[in-house]
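Worth knowing before you read on, the calculation uses all heavy atoms, side chains too, and leaves out hydrogens, waters and symmetry mates.
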Amino acid sequence: MTCKGFINFLSAYLDGELPAETQQIFDHHLSVCPDCVAYMESYKATISLLKEQGIQADSSIPEDIPQSLLDAIITARSK
Amino acid sequence: MVEAYIGPLLRVARRYLCEEDACDAVQETFIKVLGAIQTFRGESRLLTWIQRILINQCINKSRSQKRLAEIPIDDLLPSYHEDGHRVTPTPAWPESLNDVVDRERLCGLVETNIAKLPLAYRTVLMLRDIEGMSGKETAEMLDLSVGAVKVRLHRARQALRALMDPVMQGDSIDL
């Protein structure tokens, strides 16, 4: 197992999609390669940042809706 | 109904498009929805159904937009020596990202860096990791295979990781 092989299949590894035997090979690689551990942690942190982006956006309804947009939609609806 | 939905829809459109195009996309979506409301079969929430139409609208608009800031995906993926080891080792990121930059600024940096990804990768990343769609839903929306979505998502995450790396190392937080 090389770092290249590990990183190419990192997503499948994290999603538990690899066969059990391959998963073990990946586990072993992680136990001897601190660089891949650091890469995996930063990859996971990137996913967390993205998910948080979605949560933040969902919880904040924009208040600055342009009046022209409101008017255009209301006009279209009334036609 | 219309007034209550404009806010959430405009927020989604702004993730994909500049302000002017986002407003156009929301307006065009409402016109489509008003003309096709009888085809809504109630299999999802009405807002979800409208959001799907809007996202399609945004993706189509994005395709026709010239983007100057996109970075080729290969420039953002790790490079390897012949023996399979990485050319540049990965410095660890801080455990708490709040230690690097405040939350609001971090969100802005993520958004700015997503915008630098090529469209084919950016849309997959946004649909899967931000909008929370499944691989199958994303594949259907973009007319791709589920396998192609997985490959693009993995590459897009790696590319965004590379773009966020200097920020996490405290080298640069310029927007």
**Message:** Please classify the contact between B:D83 and chain A as side chain, backbone, both or neither, with a heavy-atom cut-off of under 4.5 Å.
**Reply:** backbone

**Request:** Check the hydrophobic clustering (I, L, V, M, F, W, Y; side-chain heavy atoms under 4.5 Å; chains of links allowed) and say if A:M40 and B:M164 are grouped together.
**Result:** no

**Asked** Can you pull the salt bridge (Lys or Arg N to Asp or Glu O under 4.0 Å) pairs that have at least one residue in residues 33-50 of chain A, sequence neighbours excluded?
**Response** A:D35-B:R86, A:E41-A:K44

**Asked** Which pairs with one or both residues in residues 152-163 of chain B pass salt bridge (Lys or Arg N to Asp or Glu O under 4.0 Å), sequence neighbours excluded?
**Response** B:D74-B:R155, B:D129-B:R157, B:R161-B:D165

**Message:** Distance check, rounded to the nearest 0.5 Å: B:M126 atom CE versus A:L50 atom CG?
**Reply:** 9.5 Å

**Request:** Indicate if B:L47 and B:I6 have the same hydrophobic cluster label, given that clusters are the connected sets of ILVMFWY residues with side-chain heavy-atom separations under 4.5 angstrom.
**Result:** yes

**Linked, directly or transitively: B:L46 and B:V26 (ILVMFWY side chains, under 4.5 Å)** = yes

**Between CE on residue B:M168 and OG1 on residue A:T46, distance to nearest 0.5 Å** = 7.0 Å

**Prompt:** What pair of heavy atoms forms the shortest contact from B:H85 to A:C3, and how long is it?
**Reply:** ND1-SG, 3.5 Å

**Request:** Give, for atom OH of B:Y80 and atom OG1 of A:T2, the distance between the pair rounded to the nearest 0.5 Å.
**Result:** 8.0 Å

**Request:** Check whether B:V110 and B:V124 end up in the same hydrophobic cluster, where Ile, Leu, Val, Met, Phe, Trp and Tyr are linked by side-chain heavy atoms less than 4.5 Å apart.
**Result:** yes

**Request:** Using the side-chain contact (heavy atoms from CB on, under 4.5 Å) rule, take B:T90 and A:S42 through it: C-alpha gap first, then chi angles, then the decisive distance, then the call.
**Result:** CA-CA 9 Å; B:T90 312; A:S42 60; 4.1 Å; yes

**Item:** Which portion of B:L77 sits near chain A, non-hydrogen atoms under 4.5 angstrom
**Value:** neither

**Prompt:** If you group Ile, Leu, Val, Met, Phe, Trp and Tyr by side-chain heavy-atom gaps below 4.5 Å, do B:I114 and B:I73 land in one group?
**Reply:** no

**Neighbours of chain B found in residues 15-34 of chain A - heavy atoms under 4.5 Å** = A:E17

**Prompt:** Rounded to the nearest 0.5 Å, how far apart are CD of A:E52 and SG of B:C107?
**Reply:** 6.0 Å

**Prompt:** Heavy-atom distance under 4.5 Å to chain A: side chain of B:P89, backbone, both or neither?
**Reply:** both

**Complete:** In this structure, CH2 of B:W93 is separated from OH of A:Y39 (nearest 0.5 Å) by 9.5 Å

**Item:** Proximal component of B:Q158, with respect to chain A [non-hydrogen, under 4.5 Å]
**Value:** both

**Message:** Measuring from atom CG of B:L153 to atom CD1 of A:I47, what distance do you get when rounded to the nearest 0.5 angstrom?
**Reply:** 7.5 Å

**Under the side-chain contact (heavy atoms from CB on, under 4.5 Å) test, residues paired with B:A25 that sit two or more places apart** = B:L17, B:L54, B:Q57, B:C58, B:K61

